[in-house]
Amino acid sequence: MSMRSTARHWLGGIRLYIAAGIILLTYQLWQWNAITYKDNSELLASHLHESFGWVALMWLTAALAIGPAYRLFPKLPGKLVMRDARRMLGIGAAWFASLHAGVAYIVSFQAANPLSLATYYQKGMLLGAIALIILLSMAFTSFDGAMRTMGPWWFKLHRLIYAGAVIAIWHAMSIGVHATGIPALVSVIGTSIVLFVLHIQVALRQEKPITEMQVLALCLVGIAIIVLSNYGFQLHLDQYARGAR
Amino acid sequence: MASRIRKQSMRVLVTAATVVLLTAGWSSDTVSAHILESDGPVSAVMHMPPDDNPQAGKPIDVNLSFSSTDGNFTLINYDTKLRIERDGQLLDQADVTRKDGYEREASGEVEVAEPGAYTLVVAGTPQSAGRSFTLRYTIRVSGGENRTRPGADFWIINATAWSLLGVVAYRMVSLGGRYRGKPTGR
Ligand code: HEM
């Protein structure tokens, strides 16, 4: 492809603008927190990494919702644009998650030796690291070249996104200050249920017969949502009981 | 045949791994989001009510639940102090007082003026014979309500930036024709 046609290809596609959106949002989150906590760098760092963490989860949700939404409602406008956008949304999720992890670990925890941290933090961060590795490995293989080279393994790897989402939520609940509050619990669990139902509907309506692997994957994700809801609400009740004591 | 067996063992592995992971998470953390630290046989779970989010300039209420692998541990036998330090420098200290009717539940109150990362130190010295213990917890103290809300200019600039990006993206994607002849949202 010549320079000109490469430029035309990118300028006429949606991914470039999503990449610009990622940069704009990063800058805005930084600026918003820098203004809000200008007198307190400690608070700035912790609110900044919390914002990046939540935005990463939101982008992950968007990437997960596009496929089933268009399969269930094929008349929705912008189908090809959104399908093309999906991979860049995944890259966005990995980007925000990396910023979140970087600021949390390097600034808030001053790059402490993980082995010297309390077990509570070790467990939470280990879960975060697993989720981050999954998101990054998908981001680095989200190009057409990788898809061609990896063949069927590409799809297998990219299905790990579900495990990544479950582990990221588990991580947030286990370590986050806000993640076990009622607003966060209701939104995270509510969104997970909606996404889960969308995926079940897609599986039930597909033309080819549903495979054992699909049934197994859906069951596991269903169980994970129940277990995570129980975990989150238990932590909430526990904190409430301690606060009221 | 071989591939069928491989597939089935993969399935069993995936299921087993997930169940183990979920159960581990469920059973280990459900009862408490507090921080546990140990020194020899003595451990204590620390919690700062209500949400483990202490504020600078306000008393930090530190709750401690002790346990011991020795079994017969009781706080009555110890003189226990609570200290808050930063870079090894002592900033405040207090007695750890037992809760009425409990032998292993106690609390203390310290305060710091500045937000930041601190170490809470719980040190117990036996009143007669025995081994002393020191437990250290890293905590983050935040700055309370000393925040500034971004002004209207922040929102105006950012709303403009997003609108511009939206308009440019829409125009360029429509003109570019990469999705031409296919549904592009128009
Ligand atoms: C090595 C990787 C990671 C590390 C070291 C890390 C670290 C942390 C820490 C220290 C917190 C506690 C923040 C607080 O409330 O004070 C946290 C919370 C959180 N993390 Fe991570 N994280 C990692 C990966 C991830 C990933 C991959 C995601 C999402 C895709 C994520 C999403 C979140 C969310 C949503 C919270 C809750 C924030 C809140 O309660 O306000 N993290 N993480």
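Quick caveat, the model's predicted, so the values are computed rather than measured. So you know, we letter chains A, B, ... as the sequences are listed, proteins then strands, and number each from 1.
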* To do: Output yes when a side-chain donor or acceptor of A:Y70 lies under 3.5 Å from a complementary backbone atom of A:P77, and no otherwise.
  => yes
* Does anything in residues 160-168 of chain B get under 4.5 Å of chain A by heavy atoms, and if so which residues? ->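 B:A161, B:W162, B:L165, B:V168, listed by number.
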* Under 3.5 Å, is there a donor-acceptor pair between the B:N158 and A:Q28 side chains? -> yes
* Would you say the side chains of A:W30 and A:S51 form a donor-acceptor pair under 3.5 Å? -> no
* To do: Step through it carefully: locate the ring centre of A:F196, locate the ring centre of A:Y162, and say whether they are under 6.0 Å apart.
  =>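 Between A:Y162 and A:F196, which both carry aromatic rings, the centre distance is not below 6.0 Å.
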* Asked: Tell me, side chain or backbone of A:I18 under 4.5 Å from chain B's heavy atoms, or both, or neither?
  ->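 For A:I18, neither part sits under 4.5 Å from chain B.
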* Answer yes if the side chains of B:D61 and B:S107 hold a donor-acceptor pair under 3.5 Å, and no otherwise. =>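 No, no side-chain donor-acceptor pair sits under 3.5 Å.
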* How about B:Y170 and A:Y17: are their ring centroids closer than 6.0 Å? -> no
